[in-house]
*Asks:* 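Here you go, one structure.
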Protein chains: 2
Amino acid sequence: MKKQHQIKQGAYRSDGFIAKYQKLVSGTVLPYQYDVLNDRAEGAEKSHVIQNFINAGKAVRGEDAGDGFYGMVFQDSDAAKWIEAAAYSLGNFPDPVLEKQVDDLIDIIAEAQDDDGYLDTYFTIKDKDKRWTNLLEAHELYCAGHMIEAACAYYESCGKRKLLDVMQKNTDLLYKVFIEEHHGGFPGHPEIELALMKMYRITGDEKCLSLAEYFINTRGTDTDFYKRECEARKWKVWGADPGNGEYQQSNIPLRKAERATGHAVRAVYLYTGMADLAAETGDSELFEACRRLWDSITKKQMYVTGGIGSTVHGEAFSTDYDLPPDTAYAETCASIGLMFFASRMLENEVSGEYADIMEQAFYNTVLAGMQLDGKRFFYVNPLEVVPGISGIAPTHRHDLTQRPGWYACACCPPNAARLISSFGKYAYGENGDTVFCHLFAAGTADFENGMKLVCESEYPYGFTVKYKISGSGRLAVRIPRWSPEYTLTVNGKSFAGAPENGYVYIPVSGEAEIVLTLDDTPRFIYASPKVPRLTGYTAICRGPLVFCFEGADNDGDVLSLKLDTEGGIAVKEEPELLGGTVRLEIPAVRVSQTEELYSSASPVETPCTAHAVPYYTWGNRGENQMRVWLPVKK
Amino acid sequence: MKKQHQIKQGAYRSDGFIAKYQKLVSGTVLPYQYDVLNDRAEGAEKSHVIQNFINAGKAVRGEDAGDGFYGMVFQDSDAAKWIEAAAYSLGNFPDPVLEKQVDDLIDIIAEAQDDDGYLDTYFTIKDKDKRWTNLLEAHELYCAGHMIEAACAYYESCGKRKLLDVMQKNTDLLYKVFIEEHHGGFPGHPEIELALMKMYRITGDEKCLSLAEYFINTRGTDTDFYKRECEARKWKVWGADPGNGEYQQSNIPLRKAERATGHAVRAVYLYTGMADLAAETGDSELFEACRRLWDSITKKQMYVTGGIGSTVHGEAFSTDYDLPPDTAYAETCASIGLMFFASRMLENEVSGEYADIMEQAFYNTVLAGMQLDGKRFFYVNPLEVVPGISGIAPTHRHDLTQRPGWYACACCPPNAARLISSFGKYAYGENGDTVFCHLFAAGTADFENGMKLVCESEYPYGFTVKYKISGSGRLAVRIPRWSPEYTLTVNGKSFAGAPENGYVYIPVSGEAEIVLTLDDTPRFIYASPKVPRLTGYTAICRGPLVFCFEGADNDGDVLSLKLDTEGGIAVKEEPELLGGTVRLEIPAVRVSQTEELYSSASPVETPCTAHAVPYYTWGNRGENQMRVWLPVKK
């Protein structure tokens with residue numbers, strides 16, 4: 001039923017912009033994270049992740065569990081996400097040292113698995129009897145899901161199946177508990193659903209498919225489950241309200257869902273699993289629900305940067321059109337999850353909007369989540385910071401002006417690492433004789449259908465994308481929504497085919513050179529007047545990049561700038577700035593006023609030039625003001 | 001040392017706009033509140049206020065305390081504020097029924113006073129041994145302060161001293177505990193300071209002055225007091241953090257304070273007491289601290305509506321310039337307290353800025369706090385509401401689109417009632433041979449120096465203020481900052497004297513007719529570019545009134561409006577609208593866009609007329625959008 005599917009890890013070998021990031025992950029992010037897992041990274045909070053597995057291994061063998069369990073209830077997932085990212089990275093850059101580290105860690109993990117297949121250090125060390133008694137809070141299925149993803153990734157990249165076997169034994173246990181013994185319930189933090197679908201595609205094990213179906217079909221159907229569970233247990237993790245079904249995406253059957261609600265990361269992980277299942281089974285009712293949820297997010301609840309989940313309260317979706325730039329939450333992981341969801345929607349339906357949103361999320365919020373040197377990370381991605389208010393005012397405490405180091409809840413850094421390392425899966429797909437180019441990613445790609453391509457491009461800074469392709473079939477190239485004007489040549493001759501649902505399909509037989517040239521003109525962007533604060537404001541995009549105004553480029557003050565949208569935007573190449581970027585110059589005025597807080601004197605507007613840099617580069621030059629949206633001086 | 005002092009209650013008899021509000025208080029607000037205190041108001045939450053006093057009386061007599069104490073720890077203050085408002089109202093409109101109700105309630109209160117002078121039903125009923133053990137949270141001194149204010153008001157209006165005697169006995173106890181026995185500490189919620197100064201001025205009792213000085217001088221000096229208190233006690237009310245001295249205005253000696261911080265109502269009550277004390281004792285160091293705090297509030301932390309305390313988190317001041325229109329807290333009581341502070345600053349220094357701010361707070365936030373029919377009240381006064389977001393989104397839950405009825409924490413309604421009923425004290429003052437007109441209040445006023453005046457004006461809707469004055473001395477008339485253009489005639493002849501610190505001083509001998517004509521032109525107002533969201537936005541004021549745009553006048557949608565600030569503003573009289581008002585017509589454009597959330601299509605701007613009504617009238621026509629600040633189309 002799939003309209004296309006992701007390519008395998010290793011089938012895409014990156015070059016250019018993506019290669020730079022993949023090398024940063026392999027050279028900086030993964031080694032640092034490995035040190036963190038082993039509690040030897042300087043200045044990082046204690047992690048204890050690997051020690052938890054070692055201690056759980058002792059408990060499984062009936063030995064004393066040493067210094068016990070330490071960390072969040074979902075601490076195990078840090079190991080899983082690191083293995084997954086490392087696996088993808090090994091697919092990109094073979095590295096025996098790293099591979100040995102992964103193998104050693106997998107050995108430790110395997111030792112921590114109980115005889116019945118159970119694997120979760122929190123419960124194995126602390127209290128076996130509490131297994132499965134707190135699905136709402138305890139993240140058992142979440143951790144299992146991440147370990148399944150790690151197992152699949154390592155098997156796919158390196159062909160080693162030890163962790164896959166461990167997790168097959170684990171999913172056998174899940175099948176026994178949830179399907180055969182009718183334990184009931186569904187995970188507080190979805191993740192297992194999409195992981196089970198990955199496992200199913202690799203192993204063909206129908207138990208995985210059944211489990212995914214079970215979790216998705218039960219959620220929102222058995223609406224009292226969490227309340228019954230809460231009444232039956234005598235313990236809690238945080239004390240989450242079992243009656244808040246809207247927050248937990250469990251108040252109505254998922255097939256009937258109309259709006260994306262609740263915790264944003266959990267929501268998009270869940271919707272990814274739903275779209276996965278729909279694509280695999282051809283379940284059109286489920287797909288229609290996915291469409292509605294997709295529209296709910298992208299048409300009413302998404303920042304222009306591809307950030308979602310606008311409120312810090314519960315890291316959640318708010319009401320429609322409530323998208324404040326300054327108090328945004330917009331967690332990095334939520335935008336990564338949105339990319340997962342988009343990529344699975346593409347398996348149901350090849351339509352340009354999914355890839356448009358993927359790159360909107362990737363080049364803006366996801367990349368902004370990481371410092372340019374790969375050493376510090378944002379969870380929260382505001383569209384406006386004002387030192388003196390951001391990070392300080394009670395409503396803005398979460399909106400930091402600088403990326404902090406490693407967090408106690410370290411979800412975003414390894415999530416960014418695994419996304420970047422597996423970028424090819426999002427960029428390229430295939431189905432039968434057709435090869436899909438969803439994102440513009442320089443490098444080489446090999447397809448199962450025998451076609452091969454080399455992509456040359458400076459994207460997202462260059463707007464010419466050259467494909468040298470060989471084989472027999474079709475190349476489907478996405479034409480981004482932001483570039484209605486483009487040129488496409490095949491072997492030097494203009495290609496006349498119009499896009500269908502955002503893709504141009506080009507027949508290929510033998511060898512061909514296909515050149516796509518997209519519109520590199522910076523664009524002023526306007527928000528719907530339904531977004532309360534943005535009437536009279538504009539943002540600027542060029543290609544997939546959203547730009548922002550930082551104090552560093554604007555005499556320390558961007559709050560008093562108004563943009564002249566009629567004067568054109570100049571693009572200045574800045575190879576030395578912020579890792580190599582462009583700076584935009586926009587005619588503007590600087591508003592000055594009396595020293596009073598309020599005045600009836602008309603503001604004096606002094607012409608000036610406003611300078612913008614890509615949003616993903618912000619916060620790399622010390623604390624300063626930053627705004628994505630600026631008022632328009634007409 | 002005072003530069004002038006408030007007139008006595010009864011010396012001003014209102015007419016016009018103020019009389020309408022004072023009649024609303026006497027005819028609607030006070031009777032309703034009396035029913036609430038007696039638990040017989042339909043639909044109101046249980047109050048138990050009077051029953052608490054009855055039960056405390058039983059406890060004092062050693063009887064069983066019936067159904068005990070119910071309500072907030074500061075429940076007694078509702079009775080005090082009602083008595084104070086009723087007392088002022090009796091000074092305006094003699095009413096034997098109301099006076100009997102007050103006398104009866106005072107009898108009940110007197111019965112609840114312990115032999116040693118202690119009066120607080122919470123402790124008397126629940127646990128005498130806990131007296132004075134939780135100054136941080138338990139509001140004992142706050143309740144005492146309000147009862148002192150009630151006693152002073154009733155004595156001043158009606159000449160009856162029973163409650164005054166009760167509270168003198170109470171302040172004797174406070175003197176013994178805090179001065180003689182060195183109990184230590186200061187109130188978590190300031191209020192007693194300003195109340196003691198009122199009592200001192202009426203009774204001349206030096207103990208009151210000493211106590212006020214003690215509380216003000218100790219606060220912020222003994223910075224560990226709340227921590228020691230918290231460690232020593234074994235109980236709590238809410239569990240306030242004893243270490244949060246910034247929030248409690250107790251982190252530095254008040255004389256050294258530079259910034260207004262913490263709970264906004266508490267802050268301005270405290271600063272009022274400080275200014276009181278400075279004026280009474282000529283303490284210039286204390287006055288300079290008051291000046292700095294005044295500037296901190298009015299120059300960096302105040303909404304254009306005179307609202308203060310911008311964040312819901314702790315009902316508090318935020319950081320400088322953090323003044324979001326939509327998530328504003330801006331409690332009604334805080335603006336009332338700002339008027340208190342301003343009026344006491346005027347006792348130290350006659351300067352127009354204090355009265356300017358008094359009327360800014362009064363005609364906008366204070367009046368907006370009350371529905372036009374006097375039956376429902378806002379605590380929270382946002383400058384923007386959007387149904388679907390306001391009151392619903394997690395960050396906007398406190399910003400309601402409609403005034404609710406009586407609250408469990410019923411501070412604002414009786415606070416508004418006592419302010420409105422005593423408006424003359426804020427409008428008129430005197431010192432020696434000089435009579436001060438701070439606010440423009442139609443009616444008559446008699447002064448201790450023998451001068452009398454009749455003021456005729458339709459203010460705030462009419463801008464001619466006619467004074468018929470008799471006596472010998474000077475009339476000091478404030479020229480508002482917003483009206484640099486004005487005409488002033490004395491007996492028909494132009495008066496040439498220039499304002500000194502915002503006041504024109506006119507010699508009077510015998511009878512005179514003085515006519516002031518102020519500028520009635522609506523003004524566009526612009527905020528400092530330091531306020532993050534307001535560059536490119538404008539608000540509109542006419543006289544003291546801030547205007548707002550409601551959906552009811554603007555086709556249901558004010559979010560898509562941009563104002564043309566160069567086309568002039570038309571003023572339309574609307575005697576039938578919203579209790580009689582004016583509506584402003586401003587040339588504008590309505591922005592329309594594609595249905596997309598974000599688009600690079602330039603917004604289509606369709607010329608239209610935007611309609612504004614005074615902010616104090618908003619939310620009286622059902623739920624709809626409302627904005628004070630709109631973007632400018634130049």
Side-chain angles (χ1 to χ4, degrees), chain A residues 298-300 302 304 310-314 316 318-322 324 326-327 384 386 388-389 392-396 482 523-533 535-537 539 541 557 559-562 565 590-603 630-634, chain B residues 298-300 302 304 310-314 316 318-322 324 326-327 384 386 388-389 392-396 482 523-533 535-537 539 541 557 559-562 565 590-603 630-634:
Chain A
T298 61
K299 296 189 173 22
K300 295 180 180 174
M302 188 180 74
V304 70
S310 67
T311 180
V312 64
H313 297 276
S318 178
T319 56
D320 289 348
Y321 305 110
D322 180 29
D326 56 337
T327 59
E384 172 174 315
V386 178
I389 295 177
I392 299 172
T395 43
H396 294 64
W482 50 260
R523 320 179 292 286
F524 289 105
I525 301 291
Y526 304 91
S528 163
K530 290 176 183 162
V531 181
R533 295 160 75 164
T535 298
Y537 274 66
C541 294
D557 175 13
L559 293 182
S560 64
L561 291 175
K562 290 169 76 172
T565 56
R590 190 174 286 289
V591 173
S592 64
Q593 202 98 27
T594 61
E595 280 301 293
E596 288 176 87
L597 188 52
Y598 305 107
S599 167
S600 56
S602 286
L630 283 192
V632 173
K633 174 218 158 54
K634 219 171 180 177
Chain B
T298 61
K299 295 187 173 26
K300 295 179 179 172
M302 188 180 73
V304 71
S310 67
T311 179
V312 64
H313 298 275
S318 177
T319 57
D320 290 347
Y321 305 109
D322 180 29
D326 56 336
T327 59
E384 173 173 314
V386 178
I389 296 177
I392 298 171
T395 43
H396 294 64
W482 49 261
R523 321 180 291 285
F524 289 105
I525 301 290
Y526 304 91
S528 163
K530 290 176 182 162
V531 181
R533 296 159 75 163
T535 298
Y537 274 67
C541 293
D557 175 13
L559 293 181
S560 64
L561 291 175
K562 290 169 76 173
T565 56
R590 190 174 286 289
V591 173
S592 64
Q593 202 99 26
T594 61
E595 281 301 294
E596 288 176 87
L597 188 52
Y598 306 106
S599 166
S600 56
S602 286
L630 284 192
V632 172
K633 173 215 158 55
K634 220 175 182 170

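In what follows, every chain begins at residue 1, and chains take the letters A, B, ... in the order their sequences are listed. What you see is a predicted model, and the numbers here were worked out from it, not measured in a lab.
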*Asks:* Under 4.5 Å heavy-atom distance to chain B, tell me which part of Leu630(A) shows up: side chain, backbone, both or neither.
*Replies:*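 Neither the backbone nor the side chain of Leu630(A) comes within 4.5 Å of chain B.
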
*Asks:* For Phe524(A), which atoms come within 4.5 Å of any heavy atom of chain B: side chain, backbone, both, or neither?
*Replies:*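 When you check distances to chain B, only backbone atoms of Phe524(A) fall under 4.5 Å.
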
*Asks:* What part of Ser602(A) gets within 4.5 angstrom of chain B, counting heavy atoms only: side chain, backbone, both, or neither?
*Replies:*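 For Ser602(A), heavy atoms of backbone and side chain both lie under 4.5 Å from chain B.
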
*Asks:* Taking Ser528(B), Pro394(B), Ser560(B) one by one, which has the highest count of heavy-atom pairs under 4.5 Å against chain A?
*Replies:*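 Highest number of pairs under 4.5 Å: Pro394(B).
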
*Asks:* What heavy-atom pair brings Asp322(B) and Ala393(A) nearest, and what distance separates the two atoms?
*Replies:* OD2-CB, 3.3 Å

*Asks:* I want to check something: taking the side chain as every heavy atom from C-beta on, are Pro532(A) and Ile389(B) in contact at a cut-off of under 4.5 Å?
*Replies:*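 Yes, side chains in contact.
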
*Asks:* Looking at chain A, which one of Ala527(B), Ser318(B), Ala539(B) has the largest number of heavy-atom pairs inside 4.5 Å, strictly under?
*Replies:*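 Top count of heavy-atom pairs under 4.5 Å with chain A: Ala527(B).
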
*Asks:* Using non-hydrogen atoms only, which part of Val304(A) is less than 4.5 Å away from chain B: side chain, backbone, both, or neither?
*Replies:*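 Both parts, backbone and side chain.
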
*Asks:* With chain A, which of Lys299(B), Arg523(B), Lys300(B) has the greatest number of heavy-atom pairs at distances under 4.5 Å?
*Replies:*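 If we count pairs closer than 4.5 Å to chain A, Lys299(B) comes out on top.
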
*Asks:* What part of Arg590(A) lies closer than 4.5 angstrom to a heavy atom of chain B: side chain, backbone, both or neither?
*Replies:* neither

*Asks:* Of the backbone (N, CA, C, O) and the side chain (C-beta and beyond), which part of Ala601(A) lies under 4.5 Å from a heavy atom of chain B, both, or neither?
*Replies:* backbone

*Asks:* Measure distances from Val386(B) to the heavy atoms of chain A and classify the residue's part below 4.5 Å as side chain, backbone, both or neither.
*Replies:* side chain

*Asks:* Considering non-hydrogen atoms only, spot the tightest contact between Thr535(A) and Val591(B) and give its length.
*Replies:*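 Closest pair (atom of Thr535(A), atom of Val591(B), distance): CG2-CG2, 4.1 Å.
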
*Asks:* Look at Trp482(A), Tyr321(A), Tyr598(A) and state which one has the largest set of heavy-atom pairs under 4.5 Å with chain B.
*Replies:* Tyr598(A)

*Asks:* Which atoms of Lys530(A) are under 4.5 Å from chain B, going by heavy atoms: the side chain, the backbone, both sets, or neither?
*Replies:* both

*Asks:* Examine whether an atom of Tyr537(A) lies under 4.5 Å from a heavy atom of chain B, and if so say whether it belongs to the side chain, the backbone or both; otherwise answer neither.
*Replies:*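 Side chain only.
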
*Asks:* Out of Gly536(B), Ser599(B), Ser600(B), return the one with the most heavy atom pairs under 4.5 angstrom to chain A.
*Replies:*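 Going by pairs under 4.5 Å, I would pick Ser599(B).
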
*Asks:* Any side-chain heavy-atom pair from Leu597(B) and Val531(A) closer than 4.5 angstrom?
*Replies:*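 With C-beta onward as the side chain, the pair touches.
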
*Asks:* At a heavy-atom separation under 4.5 Å, does Pro631(B) approach chain A through its side chain, its backbone, both, or neither?
*Replies:*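 It is the side chain, since no backbone atom gets that close.
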
*Asks:* Tell me, for Thr311(B) versus chain A, whether the close heavy atoms (under 4.5 Å) come from the side chain, the backbone, both or neither.
*Replies:*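 For Thr311(B), the side chain is the part near chain A, not the backbone.
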
*Asks:* Pick one of side chain, backbone, both or neither for Asp557(B), based on which atoms fall under 4.5 Å of a heavy atom in chain A.
*Replies:* neither

*Asks:* For chain B, find which of His396(A), Met302(A), Glu595(A) contributes the most heavy-atom pairs closer than 4.5 angstrom.
*Replies:* Met302(A)

*Asks:* Of the backbone (N, CA, C, O) and the side chain (C-beta and beyond), which part of Thr395(A) lies under 4.5 Å from a heavy atom of chain B, both, or neither?
*Replies:*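 Both backbone and side chain of Thr395(A) come within 4.5 Å of chain B.
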
